[in-house]
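Okay, structure first, notes after.
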Amino acid sequence: MTTSRDWPLYEVFIRARGGLDHKHVGSIHAVDARMAMEHARDVYTRRQEGVSIWVVRSSEIVASDPAEADAFFEPARDKVYRHPTFYDIPDEVKTL
Amino acid sequence: MDTATLEARFQARIDADERIEPKDWMPDAYRKALIRQMSQHAHSEIVGMLPEGNWITRAPTLKRKAILMAKVQDEGGHGAYLYSATETLGITRETLIEELLSGAAKYSSIFNYPTPTWADIGAIGWLVDGAAIMNQIPLCRCSYGPYARAMVRICKEESFHQRQGFDILLQLSRGTEAQRAMAQGALDRWWWPSLMMFGPPDADSKHSAQSMRWKVKRFSNDELRQRFIEFTVPQAQFLGLAVPQGEIDWNEFHEVLKGHGPCNHERLAARRRAHESGRWVREAALAYAGKQRDRERDQHREAV
Amino acid sequence: MSAAHGRTSHCVYVLRLADSNLVLAQRLGELIGHAPALEEDLGLANTALDLLGQARLLLTHAGKLEGRGRSEDDLAFLREEGEFLNATLVEQPNGDFGDTLARQFLFDAWQVELYERLAASGDPQLAAIAAKALKESRYHLRFSANWVVRLGDGTAESHERVQASLERLWPHTVELFDADAIDREMLAAGIGADLTAVRAGWQRRVDDTLAEATLARPADRPWRWYGKRGQHGEHLGRLLSQMQALHRAHPGARW
């Protein structure tokens, strides 16, 4: 009937408190989004770890390829002038 | 790039204390070793629910019942984190569980020992979880990212487990004569198996050297075992309990590992029963989700 | 009133609520480590922990109302079977997962309706417990109702199984809504809930979920053995003998 009798995998993201980003915490198995939400709650928030949960089918996540990491991320490395520490400001100048 | 170069580069990353992430290139042997170690760890958490679960219905006070329920549930949670981390290596939980139920995969032998008295629940928390923490803290820095992150989460929760175990024994040690005898009996039962949890002596440990090189293991079995003894002996003295004297019986270790411990059969049978009797439930949920998807598709078609 | 054992109606009323929570938590506790899927194990354990927490608060409150200095543990471990006032619904064995979840669903829907009203009870302690417990019970109901729908509208086998569970459990819901002298007295005193209103709300919830689950509501039949009067089947005695054995084997011991 079905190819796999295992429940599909969902990735779980939790916002620990208001003001923070959702952060990836792990995965759970569930048959649909509704069940995934319950499982995420029951598995990952037993100690008040969250105030908000996102779940997404693992197969829906598009990830960058580590083989392309150099092409993706190296070009930003030499642009040191984008960081405030690049500039020497005399001590006398305040609130800059 | 040829394999030798990839492997050299991989080892260089490990040596530089970089973390390896799921989509990174890794040697097959590293992947296999991790799957073996992590799934064994996950299975241990799940099977480990059983000896303590044995006392949930009989805990002597409601407070103890609540603590024990939360604790056994945590073990299930730890199993869930670890299966989740193992799945990032490209193997399904279904496969891992089949390997457990078929007897192909191992789990920690400690859970093949019985919990005949309430004091055993104290001893498991104090000694077994204590030994587990000692094994696990170094794993929070292990080279595989998802495993290290799961271990951070687990270690945070585990210290409550050890304390509640000690607290059980502390109460018993201050109690009636029968309660003190119960506590001593539990220490006598769990001392040697706890020491065996660190694995065979370094000289006989077949996976150790490679695991150390890959930083999925950071201290040797004997080092950790010695540290555990140094920590726990004074704690036993504080409880007024006598630590058993003698030597580890490695024959017993190997017998239990081979499946001939006092509860090997019951533990696997209980897991198989839960899995088998839950099959119709898991299938029903999948069938329901399938129907829901079809209904949503039909509704969508009608709408356009 | 043999069940009352000289207690006030107020105390008996709270004790009934406490006992239903305690006995159901005990039943769910039997399952931890044995559920059909790992996530379900954690979910049911969460429910069990909530119910046990509620039971402890209610037992402590009942002990104070009783005024004989008895603690939650005295009440849980040292009363006899006939003194337990839980609904017979919750002492029914776990059976298969369909039985467990059908029992849970019927109970959760009742508890949500009940707590919504008790949150406004004239007994401030009871009102505070109910307000806290209501949040927990709403989640329990979401969890159990979703499972009843999945099993009811899942496979032919699951449909048949959970329909049979409902039929078996249904008679045990009669006492949940049949107000006796204590319920009436507590309602009149502004402490208890109006069971007619509880029933109407419960039926709406149950009917909605059963419809979604393609399950049939079992026919109502009279049933006269009420746990809240101390009339239990054979299951409760075994449950208690297991729960109480260690505590009773060491009279006066501290744990």
Side-chain angles (χ1 to χ4, degrees), chain B residues 42 45-66 68-70 72-77 79-80 83 93 97 117-118 168 171-172 174-176 178-179 182 270-271 273-292, chain C residues 22 25-42 44-46 48-49 52-53 55-56 59-60 71-73 75-77 96-98 101 146-147 149-159 161-162 213 239 242-250 252-255:
Chain B
E45 299 282 359
I46 300 306
V47 177
M49 297 171 82
L50 300 170
E52 290 178 281
N54 183 32
W55 280 92
I56 288 177
T57 56
R58 294 180 291 165
T61 69
L62 296 184
K63 186 178 94 180
R64 292 287 181 201
K65 190 190 290 289
L68 184 57
M69 264 188 195
V72 176
Q73 182 202 36
D74 273 352
E75 312 294 0
Y83 282 127
R93 186 167 90 183
I97 290 176
T117 75
W118 170 250
I168 287 175
Q171 281 298 328
L172 293 178
R174 292 171 176 169
T176 63
Q179 285 177 306
M182 201 189 273
R271 288 313 311 159
R273 206 162 42 239
H275 191 74
E276 284 307 313
S277 62
R279 189 182 299 282
W280 68 274
V281 176
R282 296 190 300 274
E283 282 171 1
L286 271 179
Y288 169 76
K291 286 187 200 173
Q292 278 295 88
Chain C
L22 176 59
Q26 177 74 4
R27 278 288 183 229
L28 293 176
E30 294 170 11
L31 276 178
I32 298 175
H34 306 275
L38 184 49
E39 287 88 351
E40 261 45 65
D41 223 313
L42 274 84
L44 288 173
N46 274 337
L49 277 167
L52 182 56
R56 294 179 61 195
L59 283 173
T60 302
S71 68
E72 58 176 42
D73 287 331
L75 289 168
F77 294 97
D96 67 20
F97 192 72
L101 267 296
N146 281 337
W147 265 111
V149 171
R150 285 179 204 118
L151 297 178
D153 193 20
T155 61
E157 182 190 1
S158 69
H159 178 90
R161 277 180 184 250
V162 75
L239 177 145
Q242 186 177 47
M243 183 175 92
Q244 298 175 332
L246 175 62
H247 186 98
R248 289 186 175 213
H250 300 263
R254 294 167 56 87
W255 302 93

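Computed over heavy atoms, backbone and side chain alike; hydrogens, waters and symmetry mates excluded. All chains are named by letter (A, B, ...) in the order of the sequence lines, taking the proteins before the strands, and each is independently numbered beginning at 1.
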Q: Heavy-atom distances under 4.5 Å only: say whether B/I97 touches chain C with side chain, backbone, both or neither.
A: neither
Q.
Counting heavy-atom pairs closer than 4.5 Å to chain C, which one of B/A274, B/P60, B/A284, B/G278 comes out on top?
A. B/P60
Q: Under 4.5 Å heavy-atom distance to chain B, tell me which part of C/F97 shows up: side chain, backbone, both or neither.
A: both
Q) Side chain, backbone, both or neither: which part of C/L239 has a heavy atom under 4.5 Å from chain B? A) neither
Q) Contact part of B/R93 toward chain C, heavy-atom cut-off under 4.5 Å: side chain, backbone, both or neither? A) side chain
**Q.** Region of C/N46 that comes under 4.5 Å of a non-hydrogen atom in chain B
**A.** both
Q. Is any NZ, NE, NH1 or NH2 atom of the basic residue among C/E72 and B/K65 found under 4.0 Å from an Asp or Glu carboxylate oxygen of the other?
A. no
Q. Quick one: what part of C/A35 sits under 4.5 Å from any heavy atom of chain B, side chain, backbone, both or neither?
A. backbone
Q) Which bit of B/T61 is near chain C, if near means a heavy-atom gap under 4.5 Å: side chain, backbone, both or neither? A) both
Q. Does any heavy atom of chain B fall under 4.5 Å from the side chain of C/L31, the backbone, both, or neither of them?
A. neither
Q) Taking atom types as modelled and ignoring hydrogens, do the side chains of C/W255 and B/Q179 form a donor-acceptor contact shorter than 3.5 angstrom? A) no
Q.
Can you tell me which portion of C/D153 sits under 4.5 Å from chain B's heavy atoms? Options are side chain, backbone, both or neither.
A. both
Q: Quick one: closest heavy-atom pair of C/A76 and C/M243, and the distance?
A: O-CE, 3.3 Å
**Q.** Part of B/L62 within contact of chain C (heavy atom distance under 4.5 Å)
**A.** both
**Q.** Residue C/R161 versus chain B: region with a heavy atom under 4.5 Å
**A.** side chain
